[in-house]
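So the structure is just underneath, and the comments pick up after that.
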2 protein chains.
Amino acid sequence: MKKNRTRIPSVTINRLSIYYRYLERLSETEKGRNLKTISSQKISQITGINSTQVRKDLAYFGEFGKRGIGYPINNLVKELRKILGLDKKWKIIIVGAGNLGKALINYQGFKKRGFLVKGIFDNNSTKIGKKIDNILIYDVKDMEEFIREWNIQIGILAVPANSAQNIANKMVAGGIESILNFAPICLKLLPKIKINNVDLSIELDGLTYYLNLW
Amino acid sequence: MKKNRTRIPSVTINRLSIYYRYLERLSETEKGRNLKTISSQKISQITGINSTQVRKDLAYFGEFGKRGIGYPINNLVKELRKILGLDKKWKIIIVGAGNLGKALINYQGFKKRGFLVKGIFDNNSTKIGKKIDNILIYDVKDMEEFIREWNIQIGILAVPANSAQNIANKMVAGGIESILNFAPICLKLLPKIKINNVDLSIELDGLTYYLNLW
DNA sequence: TAGATTGTTAATCGATTAACAATC
DNA sequence: TAGATTGTTAATCGATTAACAATC
């Protein structure tokens, strides 16, 4: 898992996440059965990713396979979990208790990957103090202090575009280094802050563009 | 807008969507003021996309600018709307009336880009017949016929991973050609079907990978 | 040994960007 | 005319993939 981590394309990380998800499911269903290894060819068939690409992606991080045999499934799952940091607990907050925020809180993937949702933040006084899925909604004014106090590492931005930059700034001021942004704007933050954008508009426009071609 | 549309990278389309969003907002705030044109340099500053890239992306579709001057804002907005197919009405359905489905129905971006949400589908009998945001929830059994009857063009998949492929198949059988998929699986469909995936897990794993590096 | 499959090199492909002539 | 900025060519950069020696 160590090896030379310089210059690993971020698309490789995205693909590792796909391999991980598939192999995890596979190792569940294969528990007790005798499928112990898997080839890059087989991974390719399921994920639709070229088998050379699969081998290359994995080779960035170590020699996990055996020539002539393939990759030992359980070990590969374990290694991928380590590489992706999914063997640790991560503390997160969600900002924005609207429909999207609610949907996110109920999202099972957080628990699955050991994410602890420590709090929800909103500026709507009718929501503050209430709970969603047993997690308290706090005043967004108290967010920065909360982040510092609880050592929150990941912030999820589910607020409207016009307040997103402002809240992102406060997240960073509090010490957050990773942001998942659902607001449709380009956040301007220090380069060391990792930002991942989920942008519905872009995806929708992508669909209509292609529909419109015909 | 015509020109040679062969081999336009899909990342270009994504960027056009970003330009469009920014310029649309700009043309709103500049209404009545006298900023009539904008340079690729200025677009670059706001969007973070290299100015040569901006010019190249636009040049795929026509010569919208004037040398020495820049691009006329209002015209460019109009052209982008045409290119992205946002000058038409598109009929869509949402499958899955869970939290995510609800969040999507309330999403303002649909109305903004002329999307008509014609129906919601679910298999939970306690939900069928009810309404969300004034849109009726139907039995997923009736989906295929509904798509055919209403000429639905876009399907949004907000269901669990294990039923996603099955429902996607039925969407295609009904005549849908574009799918926005929120389920964390790789849908296997005919190549002519345009699929856009929104995958939370991949985004989250991307964050923890980078957090874990330090 | 023969067949399978990895890990890696080298070739290919495609996208980004620098540079600049054209021109407003 | 001088300055600004486009549209486009050519160079660069980076990612994907074909090919194959190594080896189980």
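Residue numbering restarts at 1 for every chain, and letters A, B, ... go by the order of the sequence lines.
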What does C/dA21 pair with, Watson-Crick or G-U, if both distances are under 3.5 Å? D/dT6
With a 4.0 Å cut-off on heavy atoms, is B/S40 in touch with a base, just the backbone sugar-phosphate, or nothing at all? sugar-phosphate
Value in whole Å for how far the C1' atom of D/dT6 lies from NZ of B/K66: 11 Å
CZ of B/F64 versus C1' of C/dC24: gap in Å, rounded? 19 Å
DNA chain D nearest-nucleotide lookup for A/T12 and B/G70: closer to the 5′ end is B/G70
Whole-Å distance separating the CG atom of A/L76 from the P atom of C/dT6: 11 Å
With respect to the side chain of B/Y71, which nucleotide from C/dG7, D/dT6, D/dT16 is positioned closest? D/dT6
Side chains of B/S201 and A/Y107, donor plus acceptor under 3.5 Å: yes
Which comes earlier along DNA chain D counting from the 5' end, the contact point of A/I69 or that of A/P9, where each point is its nearest nucleotide? A/P9
What are the two closest heavy atoms between B/S27 and B/N74, and how far apart are they? CB-OD1, 3.5 Å
Which nucleotide in the set C/dT8, C/dT17, D/dT6 lies at the smallest distance from any side-chain heavy atom of B/R67? D/dT6
Remember a base hit wins even if backbone is also touched, and classify B/S39 as base, sugar-phosphate or nothing at under 4.0 Å, heavy atoms. sugar-phosphate
Quick one: A/I8 CD1 to D/dA15 C1', roughly how many Å, whole number? 14 Å
Length of the line joining B/Y60:OH and C/dT16:C1', which is rounded to integer Å: 10 Å
Rounding to an integer number of Å, can you tell me how far B/E63 CD sits from C/dC24 C1'? 13 Å
Just how far, in rounded Å, is C1' of C/dT5 from NZ of A/K56? 17 Å
Assess, by modelled atom type and distance only, whether the side chains of A/Y20 and B/D205 contain a donor and an acceptor separated by less than 3.5 Å. no
Interatomic distance, A/Q53 CD vs C/dT8 P [rounded to whole Å]: 16 Å
Which nucleotide in the set D/dT17, D/dA15, C/dT17 lies at the smallest distance from any side-chain heavy atom of A/N50? D/dT17
Now, which nucleotide makes the Watson-Crick or G-U wobble pair with D/dG14, with each of the two distances under 3.5 Å? C/dC13
Is the shortest heavy-atom distance from the side chain of B/K118 to the side chain of B/I92 under 4.5 Å? no
Does the plane of the ring in A/F110 sit parallel, tilted or perpendicular to the ring in A/F115? Use 30° and 60° as the thresholds. parallel
A/R55 (side chain) and C/dG7 (base): donor-acceptor pair under 3.5 Å: yes
